[in-house]
Structure formats: structure tokens, C-alpha cells
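Working notes, beginning with the structure itself.
Remember, it's a predicted structure, so these values are computed and weren't measured experimentally. The basis for the numbers below is simple: all heavy atoms, side chains too, and nothing from hydrogens, waters or symmetry mates.
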Amino acid sequence: MRNMGKVIRIGSRDSKLAVWQAEYVKHMIEQAHPEIQVEIITMKTTGDKILDRSLDKVGGKGLFVKELDLALLEKRTDLSVHSLKDMPMEVPEDLPILAYTKREDPRDAMIFGKGCAEGVPKTIGSSSPRRRVQLEKLFPESEFTGIRGNVQTRIKKLNEGLCDATVLAMAGLKRLDMTGVVGRIFETEEMIPAAGQGILGVQGRKGEEYDYLNCLRDSDSEAAALAERGFVKALEGGCSSPIAAFAKVSEGKLFLRGLYYNEAAGDYITGEKGGDVSEAERLGILLAEELKEQFRLRKK
């Protein structure tokens, strides 16, 4: 039995996926630092409790982190682990994101219900504005209905006949070993992911020592996250905005693709921007400004 030293407490939502993600961070820390003992403290967030309304009607993505943020501030936990795509764009200054993990599969995947194993689904269940605007062009004949909840909840609703198909993130399905339910995978070129999709964000308190998180940090994922989140923040996008962004890093260069939806026009455009990885966030802001300008010129 190893000699336990420092104890680190990780706060996590209580869904199977969130616990898997917390366990992953726990394993990485304990593997790199045998002297550290890691405990996981789970809690149900407000966002997990309210499933009958869309996020924009009940307070946005902040509902998924409110309780976890409070636990950090009150020092009941030392870290919080989140799917980065579920984190609000504005993170409290006192609770910074300390590490971005290596990105898992960023793509979206469609799951078909009984009797709709292939072809065009009559009804697609999704409460994501980002997914919906892109799916409407891919499946113009389909109708849409809102559907929220964790992975298991949404698949249960699908199997109960609430819709013929739904769309989930491949990263989550892989982490839960549920890729067998996937009927179609959308490449990032045809369905741009949510900013940060496939990356875990590890959050802690400002001013404390977190060198032990070096085992988790991935510089490519951090650069991609800064570019993608910079793009969304520049467009003032939240959970109700059909905004998407996906960045790739290769040999010190970053290539970002973004989607901007203009409410007045009722349509969206996509664009790309490339540059040095050291300017990741700036590239996101520049692409956002360019896409807004394209729509402005259309009005003339």
C-alpha cells in the first residue's frame, strides 16, 4: 500500500460521462504523482435537473457549473473537470481553466431510433442551435424537436419514440464505450463542432500551486481551445447562439474553421483562418470579425 500524501478533491457532475472524465483526470494525476491521493466528489447541477426547457430559457451553460464553482470557491473541492464545450465562455477570474487535455474525437454522430436504421429521419431530436442549423441543410426534409439530458437520457428518449434520430458528440460515446450505437459520423467539414468539443477543461483556484497538472496539459488542445473560444466570445455567442468553431494544429500552425449565424438574415456562413499557433486567440477574434463584415456587406 502506497504512502498517501497530499489529497486532491475533484468536483464532478454525477452523470456517467462526467464521472468517467473525472476518473480519467484522477488516473492521470495518480499515475504521474504516486504521492498524491485523488478523491472524486459528485453533485447534480441545476442544468442536470431542468430537462424540460432549452438552456437559453433557463440560464445557459452556467447552470452546469454553478454548483461546481461554488464548491471550488468554498474549498470543498480543489479541481473541477468539465467537457470544455459545456463551459460558459466567460470563466470567473478566480476560477481559471488550468489545463486542457488531449483532444478526443471532435466529431458529431447521429444515432437512429428503431425503424430508422438508415435514410432520412422524419424527426431529429436536438436542443443544440449549432447542430440544428447545420442539420437543417443536411436534412431539409426532416422536422426537429427539442431533446435534452445526458447521453443515456437522450438515447432512452430516442428509443421511446420521441424522435427518429438524435446527435451526440463522438468523444462522449467513445469515453462510454458506446460507439456501437452510432449510425452516421459527420466529418468536421460537414458539421462544424462546438468550441472545445472533445477537450476536457480542468478548473481550479487562482493563485494556488497546480504543477501536478502538467501531466494533463496538451499544448495543441490549449491552442485550439483558445482559438475556438476566442471566436465564439468575439461573436458574443452563448448557448442560444448557433455558433461553431474547430481548430487544428500542425507544425506550429493553427487552422480554424468557424460558423457564424446572422439572426437578421436567418442564415449562416462559414470561413477559415490560419496563422501561427502563438496567436491562437487572436486568430479566432479575427475570423469572427471577418465573418461579421461579410454579412454587413451583404446588406448594402
Contact check, side chains of I285 and K233, non-hydrogen atoms, under 4.5 Å: no

Between R184 and E190, does any side-chain N to carboxylate O distance fall below 4.0 Å? yes

Set out, in order, the CA-CA distance, both residues' side-chain angles and the distance that settles ring-ring contact (aromatic ring centres under 6.0 Å, His included) for Y260 and Y268, then state yes or no. CA-CA 5 Å; Y260 167 54; Y268 69 83; over 10 Å; no

Does this structure show an ion pair linking K114 with D164, if we count only N-O contacts that are shorter than 4.0 Å? no

Run the side-chain contact (heavy atoms from CB on, under 4.5 Å) check on L84 and R229 step by step: do they pass? CA-CA 10 Å; L84 188 60; R229 288 171 69 83; 3.9 Å; yes

Single hit among K16, K26, R175 for side-chain hydrogen bond (donor to acceptor under 3.5 Å, both in side chains) with Q21: R175

Taking the six-membered ring of Y212, is NZ or CZ of K6 closer than 6.0 Å to its centre and within 45° of its axis? no

Under a 4.0 Å threshold between the charged nitrogen and the carboxylate oxygen, would R296 count as salt-bridged to E293? yes

In terms of heavy-atom contacts, does NZ of K156 have more than 12 from other residues, nucleotides or ligands at under 6.0 Å? no

Ion pair R205/D78, N-O distance below 4.0 Å: yes

R130, R132, R131 screened by side chain to side chain contact (heavy atoms under 4.5 Å, CB included) with Q134, the one that passes: R130

Identify whether the distance between the nearest side-chain nitrogen and carboxylate oxygen of R257 and E272 falls below 4.0 Å. yes

Apply side-chain contact (heavy atoms from CB on, under 4.5 Å) to the pair Y210 and L98, showing each step before the final yes or no. CA-CA 8 Å; Y210 288 101; L98 305 165; 3.5 Å; yes

Side chain to side chain, V38 and L79, heavy atoms closer than 4.5 Å: no

Tell me, do L173 and V151 make a side-chain contact under 4.5 Å, heavy atoms counted? yes

Return the NZ to CG distance between K248 and L256, rounded to the nearest 0.5 Å. 12.0 Å

Heavy atoms, side chains only, cut-off 4.5 Å: are R13 and V81 in contact? no

Contact check, side chains of F144 and T123, non-hydrogen atoms, under 4.5 Å: no

Salt bridge between R217 and D211, side-chain N to carboxylate O under 4.0 Å? no

May I ask you to decide whether E74 forms a salt bridge with R76, counting only side-chain N to carboxylate O separations under 4.0 Å? yes

Answer yes or no: does atom CD of E141 have more than 12 heavy-atom neighbours from other residues, nucleotides or ligands under 6.0 Å? no

Going by atom types only, do D105 and Q197 share a side-chain donor-acceptor pair under 3.5 Å? no

If we only count heavy atoms from C-beta on, is the V202 to H82 side-chain gap below 4.5 Å? no

Determine, for K273 against E290, whether the closest basic-nitrogen to carboxylate-oxygen distance falls under 4.0 angstrom. yes

The reported gap from OG in S15 to CD in Q152 (rounded to nearest 0.5 angstrom) is 7.5 Å

Applying side-chain contact (heavy atoms from CB on, under 4.5 Å), run through Q203 and D69 and close with a yes or a no. CA-CA 9 Å; Q203 194 176 16; D69 282 358; 3.5 Å; yes

If two hydrophobic side chains count as joined below 4.5 Å and joins carry through other members, does L158 share a cluster with V182? yes

Mind checking whether T77 and I41 have side chains closer than 4.5 Å, heavy atoms only? yes

Working to the nearest 0.5 angstrom, can you tell me the gap between S83 OG and L200 CG? 6.0 Å

Any L254 side-chain heavy atom under 4.5 Å of D276 side chain: no

Determine whether Y261 and I243 satisfy the following criterion, side-chain contact (heavy atoms from CB on, under 4.5 Å), listing intermediate values before the conclusion. CA-CA 6 Å; Y261 181 87; I243 297 173; 5.6 Å; no

Do other residues, nucleotides or ligands put more than 12 heavy atoms under 6.0 Å from K292 NZ? yes

For E93, look at atom CD and say whether over 12 heavy atoms of other residues, nucleotides or ligands are found less than 6.0 Å away. no

